[in-house]
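Here is the structure we will look at, set down as structure tokens.
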Amino acid sequence: MYVAVKGGEKAIDHAHNLLARRRRGDTRQAALSVAQIREQMKLAVDRVMTEGSVYDPELAALAVKQASGDLMEAIFLLRAYRTTLPRLAVTSPVNTGDMLVQRRISATFKDVPGGQVLGSTYDYTHRLLDFKLLAEGEAESDVAERASSEEPAAADESVARCPRVLEMLNSEGLIESAKPENEQPGDLTREPLDYPADRATRLQALARGDEGFLLALAYSTQRGYGRNHPFAGEIRQGYVAVEIVPEELGFAIDIGDIELTECEMINQFVGSKDRAPQFTRGYGLGFGQCERKAMAMALVDRSLRAAEFDEERDSPAQNEEFVLSHCDNVESNGFVSHLKLPHYVDFQSELELLRKLRKEFEEHGSNRPAAKTNAATTATEVTS
Amino acid sequence: MQEQTNRQFWMGVLARAQLESLEAHWAGLPEQPEYRKVRAPEVGLAMVQGRAGSGGQAFNLGEMTLSRCVVQLDDGTAGFGYVRGRSKRHAELAAVFDALLQNDDRYAALMSDCIQPLHAQWTADRNALSRDVAGTKVDFFTLVRGEA
Amino acid sequence: MTAISTHHLWVPYANPVLQSQQAFRKLMRAMSEPGTCVSFDTLYASDSGQASSTSQTAAFATALTLLDQETSVWISPGISSPALIDNLRFHCGCRLAENASEADFVMLSLSELNGLDRFSAGEDINPHTSATLIVEVPALEVASVDEAHPDLLVLSGPGIKARKGVRVQGLTSDHRRLFEDNHQRYPLGVDFMLTCGADLVALPRSTQVSTLTNRAATAGEDTQCMSQ
């Protein structure tokens, strides 16, 4: 139970002012522009777009700036903003096969048609702090140097359209096929989650889910808590066209391109008396460059399909209700943060109860199950 | 997938154009026609869908910002603008050009002076992106065979 | 799906945010005070000669306010016209339901209202998923419950202090039975919005409809039409 407390407006105003000043930092330093954040803090911006569930690099960069770089706060800001806009359309499902590839790797086949394209990645960096970046002037010249030292690619040299790696397995029947279904997928921004959830709803929840939480769960499956034997079949990142069919036109039009990262996992095979063994799949997709997130999502997607394949379900990553109801960091943040709200009355009643119990204890010398009473009171408070 | 119609093509080009380029083409028209806004430019969201396993059951990935506008020329021709992002002006100009392109007298000139250059710019940008990463393509050599 | 012709589009709200809020407020009042007549004529400045408009402003305003691309609407053959369909698709972006039973909103004329079986009445666990029926009637008027009249409906229930009277032209005994049956199913059932031109009177499922006249207790009667 919360009790309205009056007063404090002035203090809150001052706190806001102080926040604004602290957010700006030392004014002898140039202020960061939103464009700078968008261009130079791209991976932060992409994470905010994916988990904030709105593709708009400028808004995500603004949120990062406003939140002093606290990405969870930025995600919250973007989620709040999205509620102010009407939904004008639902796009056709994006065709990631037609992606303008900026990175594309497979850990399962060396010679994939289209080739392995490393793109811009931290994978092969030495993880040594680069002190040249600290001396800012040098860093600029370094970038220029790197650009000029690159041999200019021939005009015809480019990355061809890359066929899907998993389709090559599918053509031999070695992996479960992903058949398109006409059914309209559930939308958890319109209908609250209900368990058991179907795969489409699970994927939506995972796509919005916290990268850290999903990464930890994905890691747990690799360490034996719901093992499903994954291979990174294909990871691709790049630009895809977005198409809508406006009601008033009656035909499809492209509204632009967005950057996506996709991960297709090849997992443990299953078979039965009537069905030849086949690999199974896990899928991950997110906005911008979000490889770690997409991989974690694919692993958790697969582990949540345990029931579908009659696998034992005894690990956290296989527990749909556990995963889906805790993966959204806006929700988690809200409920944990609410503990900061005044609980003065609750706490006074607890204090009183505790004093009473202690008094009884002293008088009778008996030990009543005080801890149990305390737990019951707390539960009431949470639901209030 | 069906072959793109001419109109689908130019609407896609207009949606992908930079606002500054569109403004320049608008300013460069011999005469700027009158139009009224049947639906004033507005900003909203589109829910982006993906497919599980890239080809399976559709699911809702997340939303993206989208601007739209519908205009009508004095002769009654309606033009539609649907563009990614939050630029109302972009949606409005896309709608106006869509309307103008439906006019047979204006079509040829607009296609060659406006749509083709915008498309060429977009294609050039894409090729540049592609060439940028081409150097990161891996050339494997197999140690066992020793052919490299 | 066919393209929309923009030639017969009606003028929507000039100021969508403000006017749809005003319209929503009116609909709210109509639903929470059944038997109150709200009028939408002031919402439309018909100064624009460029586009045609509709005479059914209350029904159109209700559609503009409540329908969007996440709601579906079924339009009866008697009401349906290419202009209406295109305007709903264009301005509301709503889906057109093929069957009345799948629709969140239904638009029809009073003479076509001859049963409720084909409209969604909701489910026990989700009664709010029922349909809302926007019924265009030939004439609609708030009336005293004391004046006996064949078209008089006497309303009572939540949101009504004692009783309210509404005269609906073209009403048959079947309609009366249908309104009563609908109330009996509460919490299931449909909600009615009776419209005539710019006027609207709501008849939610919680309202009891009787034909009793010449009774006392006229306190709380509201014969004013809300025009703001």
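A note on names: the letters A, B, ... follow the listed sequences, proteins ahead of strands, and every chain is numbered from 1.
- Side-chain atoms of S112(B) come within 3.5 Å of backbone atoms of A108(B) as a donor-acceptor pair (strictly under, hydrogens ignored).
- A salt bridge links E234(A) and R104(A); the closest N-O separation between the charged side-chain nitrogens and carboxylate oxygens is under 4.0 Å.
- Among the candidates G115(A), G97(A), A207(A), A252(A), the residue making the largest number of heavy-atom pairs closer than 4.5 Å to chain B is A252(A).
- In summary, the side chains of Y55(A) and E259(A) do not present any donor paired with an acceptor at a separation below 3.5 Å, with no hydrogens or angles considered.
- At a threshold of 4.5 Å between non-hydrogen side-chain atoms, the residues Y35(B) and E92(B) count as touching.
- Annotation: maximal heavy-atom pairing with chain B below 4.5 Å, among T189(A), L118(A), T91(A), N95(A), occurs at T91(A).
- For chain B, the nearby parts of Q102(A) are the backbone and the side chain; heavy atoms of each come within less than 4.5 Å.
- Among R281(A), M49(A), R202(A), the residue with the largest count of heavy-atom pairs under 4.5 Å with chain B is R281(A).
- Across T96(A), L166(A), I258(A), the residue that shares the most heavy-atom pairs under 4.5 angstrom with chain B is I258(A).
- Considering only heavy-atom pairs separated by less than 4.5 Å from chain A, the leading option among A15(B), A78(B), G44(B) is G44(B).
- Of the listed residues (G12(B), G62(B), G56(B), S54(B)), the greatest number of heavy-atom pairs within a distance under 4.5 Å of chain A belongs to S54(B).
- For A298(A), no part sits under 4.5 Å from any heavy atom of chain B, backbone or side chain.
- Proximity to chain A involves both the backbone and the side chain of R51(B), based on heavy atoms less than 4.5 angstrom apart.
- Contact count versus chain B (heavy atoms, under 4.5 Å) is highest, among T84(A), L59(A), T50(A), for L59(A).
- For the residue pair R305(A) and T280(A), no side-chain donor N or O sits within less than 3.5 Å of a side-chain acceptor on the partner.
- Under the 3.5 Å distance criterion, with hydrogens and angles disregarded, a donor-acceptor pair is assigned to the side chains of Q289(A) and K42(A).
- There is no side-chain donor-acceptor pair under 3.5 Å between S130(B) and N127(B).
- Of the two parts of I244(A), only the side chain, counted from C-beta on, holds a non-hydrogen atom closer than 4.5 Å to a non-hydrogen atom of chain B.
- The part of S92(A) that comes within reach of chain B is its backbone (N, CA, C, O), which places non-hydrogen atoms under 4.5 angstrom from that chain.
- Of the listed residues (R84(B), M64(B), E63(B)), the greatest number of heavy-atom pairs within a distance under 4.5 Å of chain A belongs to E63(B).
- Only the side chain of L260(A) comes within contact range of chain B, judged by heavy atoms closer than 4.5 Å.
- Between chain A and the residues V13(B), L66(B), V70(B), the largest count of heavy-atom pairs under 4.5 Å involves L66(B).
- The aromatic rings of H25(B) and F97(B) sit perpendicular, their planes meeting at an angle over 60°, well past the 30° parallel limit.
- Under the 4.5 Å side-chain criterion, counting only non-hydrogen atoms from C-beta, F287(A) is not in contact with R47(A).
- Contact annotation for R164(A): only side-chain heavy atoms (C-beta onward) come within less than 4.5 Å of a heavy atom of chain B.
- In this structure, chain A has heavy atoms under 4.5 Å from both the backbone and the side chain of Y82(B).
- In terms of non-hydrogen atom pairs under 4.5 Å with chain B, the most contact-rich of P57(A), G256(A), A89(A) is A89(A).
- The only option from I115(B), L100(B), N6(B) that meets the side-chain contact (heavy atoms from CB on, under 4.5 Å) definition with Y107(B) turns out to be N6(B).
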Worked check of salt bridge (charged side-chain N to carboxylate O under 4.0 Å, His left out) between K37(B) and E42(B): CA-CA 11 Å; K37(B) 292 168 194 164; E42(B) 60 179 333; over 6 Å; no
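- Interface remark: D257(A) contributes backbone and side-chain atoms alike to the contact with chain B (heavy atom separation under 4.5 Å).
- With a threshold of 4.5 angstrom between heavy atoms, Y124(A) does not approach chain B through any atom at all.
- With a 4.5 Å cut-off on side-chain heavy atoms, D254(A) and V242(A) do not count as touching.
- Using a 4.0 Å cut-off between a side-chain N of Lys or Arg and a carboxylate O of Asp or Glu, R79(A) and D328(A) qualify as a salt bridge.
- Interface residue R87(A): backbone and side-chain heavy atoms are both found under 4.5 Å from chain B.
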